[in-house]
Amino acid sequence: MVNLKAKPYNLTDADIAWVESTIAAMTDEEKVGQLFFQLTSSQEESYLRELMEKYHLGGCRYNGMTGNKVLAQNRILQKYAKVPIFIACNTESGGMVRMLISTL
């Protein structure tokens, strides 16, 4: 068993309770979905909603777009995620700046 109170996690008892109850409430399909990251092909809300509700993605990576579009996409994905998703970035050609903007 992983010690979630130790580094690098440093979770509190309340955090650990949330993790355990969230995992216990997930279907097998939702757990499998957490293993996948999607490179989105559209930023339309209906498309992003379907990705989250149908495939239960664990994360995504954005295509080249402005910081504002990255921010909008991330907000939509998080809105429909049952579990907060990871947002990956390609830091070549200034991607890091876009990710910093999207976290504001």
Side-chain angles (χ1 to χ4, degrees):
M1 183 73 167
V2 175
N3 181 358
L4 296 175
K5 290 184 178 183
K7 290 180 182 179
Y9 308 106
N10 301 312
L11 299 183
T12 66
D13 289 334
D15 296 332
I16 293 169
W18 181 87
V19 169
E20 291 172 348
S21 67
T22 299
I23 291 171
M26 293 171 74
T27 66
D28 288 342
E29 188 174 284
E30 290 169 334
K31 290 175 186 174
V32 170
Q34 291 297 298
L35 300 173
F36 294 91
F37 278 53
Q38 173 71 23
L39 177 61
T40 59
S41 61
S42 168
Q43 284 68 50
E44 294 294 322
E45 185 163 352
S46 60
Y47 168 77
L48 297 173
R49 180 179 184 171
E50 180 182 12
L51 282 179
M52 298 313 296
E53 292 178 348
K54 186 174 182 179
Y55 299 109
H56 317 289
L57 299 176
C60 80
R61 187 181 84 76
Y62 64 88
N63 287 314
M65 61 182 114
T66 66
N68 286 336
K69 287 185 178 182
V70 172
L71 176 60
Q73 173 187 276
N74 292 352
R75 286 183 173 161
I76 293 168
L77 290 168
Q78 295 292 7
K79 176 179 173 181
Y80 294 109
K82 289 185 178 181
V83 177
I85 64 169
F86 286 98
I87 307 293
C89 72
N90 182 347
T91 58
E92 297 169 3
S93 302
M96 190 59 166
V97 173
R98 289 191 192 116
M99 289 309 298
L100 290 173
I101 292 169
S102 73
T103 61
L104 300 176

Legend entry - Leu39/Cys60 under side chain to side chain contact (heavy atoms under 4.5 Å, CB included): CA gap, chis, key distance, verdict: CA-CA 6 Å; Leu39 177 61; Cys60 80; over 6 Å; no

Legend entry - Worked check of side chain to side chain contact (heavy atoms under 4.5 Å, CB included) between Ile85 and Gln34: CA-CA 8 Å; Ile85 64 169; Gln34 291 297 298; 5.7 Å; no

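If you take CE on Met26 and NZ on Lys82, they are separated by 8.5 Å, rounding to the nearest 0.5 Å. Rounded to the nearest 0.5 angstrom, Leu11 CG and Lys5 NZ are separated by 10.0 Å. One finds the CD1 atom of Ile76 at 8.5 Å from the CD atom of Gln43 (value rounded to the nearest 0.5 Å). How far OG1 of Thr40 is from CZ of Arg61: 9.0 Å, rounded to the nearest 0.5 Å.
Met1 and Val19 are members of different hydrophobic clusters when ILVMFWY side chains are connected at heavy-atom separations under 4.5 Å. Tyr55 and Phe37 are assigned to two separate hydrophobic clusters, defined by single-linkage of ILVMFWY side chains at heavy-atom distances under 4.5 Å.
Side-chain contact check for Leu51 versus Leu48: some heavy-atom pair is nearer than 4.5 Å. Side-chain contact check for Tyr9 versus Asp15: every heavy-atom pair is 4.5 Å or farther apart.
For the pair Glu45 and Arg49, the salt-bridge criterion is not met [side-chain N within less than 4.0 Å of a carboxylate O].
When every heavy atom of Gln38 is checked against every heavy atom of Leu57, the shortest pair comes out as CB-CD1, 3.4 Å. Taking both residues in full, the closest heavy atoms of Met52 and Ala81 are given as CE-CB, 3.6 Å, listed atom of the first, atom of the second, then distance. Considering every non-hydrogen atom in both His56 and Glu53, the closest pair reads CE1-O, 3.1 Å. Trp18 approaches Thr22 most closely through the heavy-atom pair O-OG1, 2.7 Å.
A 6.0 Å sphere centred on CG of Asp28 holds no more than 12 heavy atoms belonging to other residues, nucleotides or ligands. Open room surrounds CZ on Phe86; 12 or fewer heavy atoms of other groups in view lie less than 6.0 Å from it.
Gln78 places no side-chain N or O within 3.5 Å of a backbone atom of Pro84 that could act as its donor or acceptor partner.
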